[in-house]
Amino acid sequence: VTSCHFSGLYIQSSDGTFIRNNTFSSSGDHGIKLSSSHTTVIDNNTISSNTDYGIYVSSSENLIVKSNSISNNNDGIYINNADDAIVSSNTVEDHGSFGLYFSDSKRLKVKKNIIEDNNGDALFLSSNCDNAFIDNNTIKNNGNSDSGKALRLYQVDNTVIYNNTIESNDYSGIVITSSNSNKIVDNTIKNNGKYGIGVTNEITRSANNTIKDNIINDNKDWAVYVNGIYTKVINNTIKYNEKDAIHISSEGARTTVQQNTIEDNEENAIHVVANNALIIWNTIDGDTNDNAILVIDSKSSSITNNTIEG
């Protein structure tokens, strides 16, 4: 299906549809548009060079989007108000803006996708995409020097980001904003143009997020930037970053930094500006241009049982 004036395929108020082994290209709107249609499967299609989104979904629950090739549209996939969607094993590349954009969709499963060479946020969960599981994706070469996070959560709670490879993106690796009780676990995050991981605030503060068991290497700015309260940074390996390995800002009160291995970062290994931080059982090795641990303008922080070598 090529060169349609509107969408290549539009399905509305139709449940249980299979869309498989098609090509949708050069449409004047979306490649596939799906509205109020539940239990739909979009499988093994080639979707390219459409004017807007490759796949656009609204108000459609129990959706499966798998094994599609989606490229060179303005944006890749947009899914809104679609609880329990599964998006897996797709290749999403070469878009002028977003790769995958989700909003108001709970219990998402986003796994085993290759997301690369998109100019905006590669994978973005916005507003009420709670209880998602994001695992085993490869996200690389996205964004530009001023914007475009590899993986972004905004006002999202209770989500797990597990075992993803996030590398060589022009801007930040993972950024979570105004989001609570999320877990960032066992990811490889390297060679990104700004932060490896950032926990930030906007309308509300981020709180109770956990960053654990990740490899965070060779990023151009702070490897881990904490601006949310009650953050836990535990058992990560953080090496060769161009600024602080862990930077806890004045709004990052009651952050715990525990059992991390920190080597050869160019500024401070751990830089604390927040109150009530706990720095315990970390191993800091190798050269830094500044300090192993720097605590400034902080109250009631505790620094115990760390090993500093090199």
Side-chain angles (χ1 to χ4, degrees), residues 1-115 118-134 137 151-156 159:
V1 180
T2 187
S3 302
C4 293
H5 187 67
F6 296 109
S7 295
L9 174 64
Y10 182 21
I11 297 178
Q12 184 176 23
S13 303
S14 301
D15 298 343
T17 303
F18 283 81
I19 306 165
R20 180 174 290 155
N21 297 334
N22 303 284
T23 297
F24 301 97
S25 65
S26 304
S27 297
D29 196 7
H30 312 298
I32 297 172
K33 183 176 181 180
L34 186 69
S35 177
S36 302
S37 299
H38 307 301
T39 320
T40 300
V41 177
I42 303 174
D43 176 27
N44 199 39
N45 300 281
T46 299
I47 305 168
S48 65
S49 303
N50 298 286
T51 300
D52 206 339
Y53 286 93
I55 298 174
Y56 181 99
V57 177
S58 63
S59 302
S60 301
E61 296 185 355
N62 299 308
L63 169 74
I64 296 175
V65 179
K66 68 184 182 77
S67 304
N68 299 283
S69 175
I70 304 165
S71 63
N72 289 295
N73 308 283
N74 187 60
D75 302 271
I77 299 173
Y78 176 71
I79 295 176
N80 170 256
N81 193 22
D83 293 346
D84 301 298
I86 299 172
V87 179
S88 67
S89 303
N90 302 283
T91 298
V92 183
E93 59 187 352
D94 295 312
H95 294 99
S97 188
F98 295 102
L100 285 77
Y101 183 174
F102 300 89
S103 65
D104 292 301
S105 301
K106 299 184 186 302
R107 298 178 299 278
L108 295 164
K109 292 181 174 61
V110 184
K111 59 184 180 179
K112 297 182 181 178
N113 299 284
I114 296 171
I115 311 167
N118 302 286
N119 202 41
D121 294 336
L123 174 52
F124 181 24
L125 276 64
S126 174
S127 298
N128 302 315
C129 289
D130 300 336
N131 299 295
F133 198 90
I134 303 168
N137 300 283
L151 201 165
R152 181 183 176 196
L153 306 185
Y154 180 76
Q155 293 185 329
V156 172
T159 285

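Worth knowing before you read on, the calculation uses all heavy atoms, side chains too, and leaves out hydrogens, waters and symmetry mates. Heads up: numbering here begins at 1 and tracks the sequence. Everything numeric here is computed off the predicted structure, so don't read it as measured data.
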> Does Ser37 reach the main-chain N or O of Asp15 with its side chain, forming a donor-acceptor pair under 3.5 Å?
no

> Can you tell me if Ser60 uses its side chain to pair, donor with acceptor, with the backbone of Ser36 under 3.5 Å?
yes

> Report yes if the side chains of Val87 and Phe102 come closer than 4.5 Å at any heavy-atom pair, otherwise no.
yes

> Checking Asn113 side chain against Asn90 main chain: does a donor-acceptor pair fall under 3.5 Å?
yes

> Show the numbers, then the answer: is there a side-chain contact (heavy atoms from CB on, under 4.5 Å) between Asn137 and Leu151?
CA-CA 10 Å; Asn137 300 283; Leu151 201 165; over 6 Å; no

> Determine, stepwise, if the pair Ser26 / Ser49 fulfils side-chain hydrogen bond (donor to acceptor under 3.5 Å, both in side chains).
CA-CA 5 Å; Ser26 304; Ser49 303; 5.0 Å; no

> So which atom in Ser25 and which in Asn50 form the shortest heavy-atom distance, rounded to 0.1 Å?
C-OD1, 3.4 Å

> Are more than 12 heavy atoms, taken from residues, nucleotides or ligands other than Lys111, located less than 6.0 Å from that residue's NZ atom?
no

> In Å and rounded to the nearest 0.5 Å, what is the CG to CD1 distance from Leu34 to Ile55?
9.5 Å

> Identify the two heavy atoms, one from Thr51 and one from Asn74, that lie closest to each other, and give their separation to 0.1 Å.
O-CB, 3.2 Å

> Using the side-chain hydrogen bond (donor to acceptor under 3.5 Å, both in side chains) rule, pick out the option among Asn45, Thr46, Asn68, Asn44 that qualifies with Asn22.
Asn45

> Indicate yes or no: at least one non-hydrogen side-chain atom of Glu61 is less than 4.5 angstrom from one of Asp83.
yes

> Look only at the side chain of Asn72 and the backbone of Ser48, and say whether a donor-acceptor pair between them is shorter than 3.5 Å.
no

> When you look at Asn80 and Ser103, which way does the side-chain hydrogen bond (donor to acceptor under 3.5 Å, both in side chains) test go after all the steps?
CA-CA 5 Å; Asn80 170 256; Ser103 65; 2.7 Å; yes

> I want to check something: taking the side chain as every heavy atom from C-beta on, are Leu9 and Val1 in contact at a cut-off of under 4.5 Å?
no

> Kindly determine whether Tyr10 and Ser35 satisfy side-chain contact (heavy atoms from CB on, under 4.5 Å), including the steps that lead there.
CA-CA 8 Å; Tyr10 182 21; Ser35 177; 4.2 Å; yes

> Assess, by modelled atom type and distance only, whether the side chains of Asp75 and Ser97 contain a donor and an acceptor separated by less than 3.5 Å.
yes

> side-chain contact (heavy atoms from CB on, under 4.5 Å) with Leu63: which of Ile42, Thr39, Val41, Ile86?
Ile42

> Between Asn81 and Ser59, does any side-chain donor sit less than 3.5 Å from a side-chain acceptor?
yes

> Working to the nearest 0.5 angstrom, can you tell me the gap between Ile19 CD1 and Ile64 CD1?
12.0 Å

> Flag the pair Asp130 / Val156 as yes when at least one side-chain heavy-atom distance between them is below 4.5 Å, and no otherwise.
yes

> When rounded to the nearest 0.5 angstrom, what is the spacing between CG in Leu125 and CZ in Arg152?
11.0 Å

> Shortest non-hydrogen contact from Ile47 to Gly31?
CG2-CA, 4.1 Å

> Heavy atoms, side chains only, cut-off 4.5 Å: are Asn128 and Lys106 in contact?
yes

> What class does the angle between the rings of Phe98 and Phe124 fall in, given that below 30° is parallel, 30 to 60° is tilted and above 60° is perpendicular?
parallel

> Treating Thr159 as the side-chain partner and Ala132 as the backbone partner, does any N or O pair qualify as donor plus acceptor under 3.5 Å?
yes

> Hey, does Ser27 have a side-chain heavy atom less than 4.5 Å from the side chain of Phe6?
no

> Pick from Phe24, Tyr101, Tyr78: which one makes a ring-ring contact (aromatic ring centres under 6.0 Å, His included) with Tyr53?
Tyr78

> What distance separates Ile115 CD1 from Ile77 CD1, expressed to the nearest 0.5 Å?
8.0 Å

> Of all heavy-atom pairs between Ser127 and Gln155, which one has the smallest distance, and what is that distance?
OG-OE1, 3.4 Å

